[in-house]
Engineer: 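Submitted below is the structure of interest, expressed as structure tokens.
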6 protein chains.
Amino acid sequence: MRPSKRASDQMREVKIQRHVSSHAEGSCMISFGGTKVLCTASVETNLPPWRRGQGLGWVTAEYGMLPRSTGQRMRREATAGKQSGRTQEIQRLIGRSLRAVVDMKALGENQITVDCDVIEADGGTRTASITGAFVAMMDALSWMKERDLVGDNVVSDHLAAISCGIYRGTPVLDLDYDEDSAAETDANFVMTGKGGFVEIQGTAEESPFSADELAQLIGLAQKGVNELVELQKAALKDQ
Amino acid sequence: MRPSKRASDQMREVKIQRHVSSHAEGSCMISFGGTKVLCTASVETNLPPWRRGQGLGWVTAEYGMLPRSTGQRMRREATAGKQSGRTQEIQRLIGRSLRAVVDMKALGENQITVDCDVIEADGGTRTASITGAFVAMMDALSWMKERDLVGDNVVSDHLAAISCGIYRGTPVLDLDYDEDSAAETDANFVMTGKGGFVEIQGTAEESPFSADELAQLIGLAQKGVNELVELQKAALKDQ
Amino acid sequence: MRPSKRASDQMREVKIQRHVSSHAEGSCMISFGGTKVLCTASVETNLPPWRRGQGLGWVTAEYGMLPRSTGQRMRREATAGKQSGRTQEIQRLIGRSLRAVVDMKALGENQITVDCDVIEADGGTRTASITGAFVAMMDALSWMKERDLVGDNVVSDHLAAISCGIYRGTPVLDLDYDEDSAAETDANFVMTGKGGFVEIQGTAEESPFSADELAQLIGLAQKGVNELVELQKAALKDQ
Amino acid sequence: MRPSKRASDQMREVKIQRHVSSHAEGSCMISFGGTKVLCTASVETNLPPWRRGQGLGWVTAEYGMLPRSTGQRMRREATAGKQSGRTQEIQRLIGRSLRAVVDMKALGENQITVDCDVIEADGGTRTASITGAFVAMMDALSWMKERDLVGDNVVSDHLAAISCGIYRGTPVLDLDYDEDSAAETDANFVMTGKGGFVEIQGTAEESPFSADELAQLIGLAQKGVNELVELQKAALKDQ
Amino acid sequence: MRPSKRASDQMREVKIQRHVSSHAEGSCMISFGGTKVLCTASVETNLPPWRRGQGLGWVTAEYGMLPRSTGQRMRREATAGKQSGRTQEIQRLIGRSLRAVVDMKALGENQITVDCDVIEADGGTRTASITGAFVAMMDALSWMKERDLVGDNVVSDHLAAISCGIYRGTPVLDLDYDEDSAAETDANFVMTGKGGFVEIQGTAEESPFSADELAQLIGLAQKGVNELVELQKAALKDQ
Amino acid sequence: MRPSKRASDQMREVKIQRHVSSHAEGSCMISFGGTKVLCTASVETNLPPWRRGQGLGWVTAEYGMLPRSTGQRMRREATAGKQSGRTQEIQRLIGRSLRAVVDMKALGENQITVDCDVIEADGGTRTASITGAFVAMMDALSWMKERDLVGDNVVSDHLAAISCGIYRGTPVLDLDYDEDSAAETDANFVMTGKGGFVEIQGTAEESPFSADELAQLIGLAQKGVNELVELQKAALKDQ
């Protein structure tokens, strides 16, 4: 029995609210249950120096948690003077994932920076960030298209991410914080709308997991990402 | 004529929404027109080392802006590896202001840290932060009182802050970003409910201001803070 | 009664000694009683990148305290690896104040950097710094004029600064360290020779101050700045 | 055809040389073809503060690359003033992997720090590091056992790691640098001697990979880790 | 012919003015011609943690240059966020030199920190710093003796330092900046009053120097240090 | 009697193995007894900005110690976030020494960076680094000559370095760690093949050393460097 009483293959309620920033070219607030992430996509028409002059664009991401997004107040990274290893790992993952569905030639010499700032954390902040970042990026691309900066074909597919894990011996979908901190295995999957894998990360927290358990986690992730892609499509259909 | 068509002594619409964080002991989202700041107050029952063993508490604050809270994306301070001078100035101001109305003996050996994170910026983020931080702190003190950690007498008075400035030769109340970036003089006032001054900062951006203009700014600030204190009282009356 | 036996509106003895640096284009040692600050103004004919190509100059300032300028040795900021928030606040204030009386077009694409290094501290280091920085800058401008780098009209007015405060209930002028550490209210005023306000900062250390007290502090500041401007004029008259 | 002419399921020659450090309690030089990593395990009988007093030990790892271990000289991280995100990711992975096979209670209040320093890099440095780190840790544990600091039962299983990827459409085992920089998909597997998964990371560099391709990569990894574990056993058998 | 017309074995005029700081336990302003260094010695009755509980004291030094102590303004190290390699080298040298004549047991569990801040630089700042630091330390020890914190026997001998070099083929004593920047060889000698060597550093800037030249430099240094020790004695004799 | 039973003028066994790096243009592993340093020389055809456009090349060096190259594990400098003062001193010394025998005009607008990474430390790491760095640089120059980037005349002489010291009252050559940590005086000499001095550094650890002792140390160094240069020549003659 999961602490939240959810079935093993049941995600938390996911909400995506677009146009939440008056400044950003694309933005959404995404929530996976008690996890809330503000995603803003910023368009810049100049590139970092190492990327210039190749006719290719760039997509990158940054991630942060507000100090009191968690049960215990965390130290602010700006005060600490550096981003933690975990923060860097997550923002590298978000950027890499987004780039997997973007045609850099079609983007032209423009850069999109997606900021994912966790307002409230209850597990799964990185998967919520990726799923929301895709939506914010899509809106930024619409903004660019309206200004004839890009055409239609920049993005090749939908992109969403979900966590799974083995909790008390059972593979379950979309871990919340209570499950995450007790799970034997924790895995994150980034997938496309057509079911391709973009990134897969699985970690045994206590005892190793078997090939069979891995197969079950993959199945759960496929179900979860399918649902998330439907929610993205619904959200993006609205004006 | 102000860009926003407001009268010279008219504030923007101010909204205070409490209990917006599921983790923090006190919290509110405060908006001054297009400026939105999330204020969370975190209670800790241990003090920084230099403050221990004196029977006194401590109140401190940190301030941050989300990278795309502004018209142009700003560099994330955690990535830059340090807080800017401006950020440090503002968070020192918020903490100092809050401490001016707190009886440290009544607080006991506890610390309250208020985080003010700017979600959207349209001028006046430091004054909105102080005004919201007071509300979040009050809720944190209620949380402490329910647990018998403090009594009733921790806070001596209300505390709120407002900006004024001289815009195109006219003293005006509560500058928004358009006014702020063009104002000849920019001033911030932190005041108590009873009308005492806690902090006053005035800066001539272009030409010096006169004693008479300063007097007018003071009058505007008094009007503004009175209104803010009423709004705080109304917000705090609700459960 | 003030610890120094001074009358409430009496400043400490102020001395300004010019041409104390063999390298700097302008320099002075300024003392307010036991506070001694070395101010050097350095002329550079190239600008920071963000300022170039606009036909405008730039004036900036840096501030530091020698580790044993104080009663207790302070940690050297270069060893600590960063400037404190207080240091940054003060050097931003000095630069902002100087810029208020400089015509950037008349300065041309040149930069003046004023370094204010506190040799001995006994309260009022920031106001001594501003008052001395103005003199050093004037000498640097004379140096530039001799080389036809600028004309006569770069500076629009004199600039000086003084602190005031409420000490044991009485508004007093020019706080020394003993008064500063016990004052209920501490304020700094930066003013021009013609009496305009360039910057005003007042902080209630313990209990809020009233509008009436603020008015008295303003009066003291006007008297103090008048005297300082006379001293600057006398100092600058000498070869 | 692979650039190295290897069969798709063929690893590079792997060599493990133990006792290469005269100071470290355990050490080995491990090479996977042209990749050479020096692994040293250091025993400390005191723990980091947050771990003390729980009767549990700790295992951690650090990773570095010599500046000219690569084709182009890289900037030295000590000069840059921080470890890159990639370095932090890798050293977190090594430490987490080692901890998965260590019984922290059996280790007692001791810490083992494994340093993995890349002498030459030709792809697969993180998997070589993990495989070598395990050997160095085993020797450190033997050193401890000789001194009655631990018993026999500290480690529950062997641990090794291997990379796989999809290169020109074909799943291949143990990517070298030429393959790695051109691969469509790059994956790393950390597994135990009994075939359990400790960590799995797969990244699509260009186009997403399918569930079927993932299954093939898993099969290759299982073969590779089996071979590595045999090599570890052979190496550890020697005095 | 030296640019300053001095004879090859002639030092610049050296002045030592004691009691220049109102706060420091010992202090002096020392000048070697146009080089001026403020040396302050601070007594602390607590030690750094690693030195405690051994019945031994500690002497350490820090060195800094004011930004405009030089012909071109240098970047302030506190702004740069770190001390340069040169600064660290020099302050390590000063501390090491002072410790060579101090009996740490006789000093007891006290620390003396000597700050050497260069007010004006014209070559030889490190040797002026050491020579002045010794005087400031002696005054700090007198201060301690008056308070019965130490006895008479803390210092075993005088300590002074001088530079020599080979300028246009001729060994010369006490290089000024013009000579230093053109010298073929630059050397610094730290010696005791009895003529023992504490530190010797010689660097060939262009072509290597011979054993014979080295011998001549040593002779010049002995002469210079003798004169400096006489000046120290004279300075310390005064009240 | 020396702990290693060596005669007072006897060096440890020195070995130089060239071509140890598959990437670097020049490289060697050098050992002085138990001290082992990997030296790699990297050729870059672009210069640091401050050196460009003068028709001159540049040679620089960096130094590091692997964390467990020592008896006690040291903190990794990349983790600490900065290089220690000692590291900076040593790498500045290596670079300065190499530059003393290089004709920068003959090198052309190219840079050689020599990395000296200590694999095992047993005293004398800086002198081993310099001696090995010279060999690696020579191989890098051969690599450049083969590509017609430079001619024959870049290097004017051999360069090697050795430590000496006064151990239990006796001047001895080539201190190992046991001697170094107990020596009364520690000195390092960098010399050319023709016997010129490039750098000389002597430090009295406990009691000052005399002019006579210094002369004996110089004699030992001359003998040691002669032997090292012969070993360099032999090593460079091969392949």
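So that the names make sense, note that chain A is the first sequence line, chain B the second, and so on, each numbered from 1. What you see is a predicted model, and the numbers here were worked out from it, not measured in a lab.
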Engineer: Give, as side chain, backbone, both or neither, the part of F:Leu93 having an atom under 4.5 angstrom from any heavy atom of chain E.
Structural biologist: neither
Engineer: What part of E:Arg99 gets closer than 4.5 Å to chain F, counting heavy atoms only: side chain, backbone, both or neither?
Structural biologist: neither
Engineer: With chain E, which of F:Asn188, F:Asp157, F:Leu214, F:Val101 has the greatest number of heavy-atom pairs at distances under 4.5 Å?
Structural biologist: F:Leu214
Engineer: In terms of heavy-atom contacts, does CZ of E:Arg52 have more than 12 from other residues, nucleotides or ligands at under 6.0 Å?
Structural biologist: yes
Engineer: Heavy-atom pairs under 4.5 Å with chain E - which of F:Gly85, F:Ser210, F:Gly195, F:Gly202 has more of them than the others?
Structural biologist: F:Gly202
Engineer: So which part of F:Ala211 gets closer than 4.5 Å to some heavy atom of chain E, the side chain, the backbone, both or neither?
Structural biologist: both
Engineer: Is it true that, when you exclude F:Arg168 itself, more than 12 heavy atoms of the residues, nucleotides or ligands shown sit nearer than 6.0 Å to its CZ?
Structural biologist: no
Engineer: Test side-chain contact (heavy atoms from CB on, under 4.5 Å) on F:Arg92 and E:Glu89 and set out the steps.
Structural biologist: CA-CA 10 Å; F:Arg92 282 157 54 92; E:Glu89 244 179 82; 2.6 Å; yes
Engineer: Quick check on E:Ser84 against chain F: is it the side chain, the backbone, both or neither that has a heavy atom closer than 4.5 Å?
Structural biologist: backbone
Engineer: Given a strict heavy-atom distance threshold of 4.5 Å, which part of E:Gln222 is in contact with chain F: side chain, backbone, both, or neither?
Structural biologist: side chain
Engineer: Most heavy-atom pairs under 4.5 angstrom with chain E, which of F:Val198, F:Thr185, F:Thr87?
Structural biologist: F:Val198
Engineer: Using non-hydrogen atoms only, which part of F:Ser97 is less than 4.5 Å away from chain E: side chain, backbone, both, or neither?
Structural biologist: neither
Engineer: Can you say whether F:Thr192 sits under 4.5 Å from chain E via the side chain, the backbone, both, or neither, judging by heavy atoms?
Structural biologist: side chain
Engineer: So, taking the atom named CG in F:Leu217 and the one named CD1 in E:Ile200, what distance separates them when rounded to the nearest 0.5 Å?
Structural biologist: 9.5 Å
Engineer: Between chain E and each of F:Glu199, F:Gln88, F:Lys82, F:Glu213, count heavy-atom pairs under 4.5 Å; write down the option with the most.
Structural biologist: F:Glu199
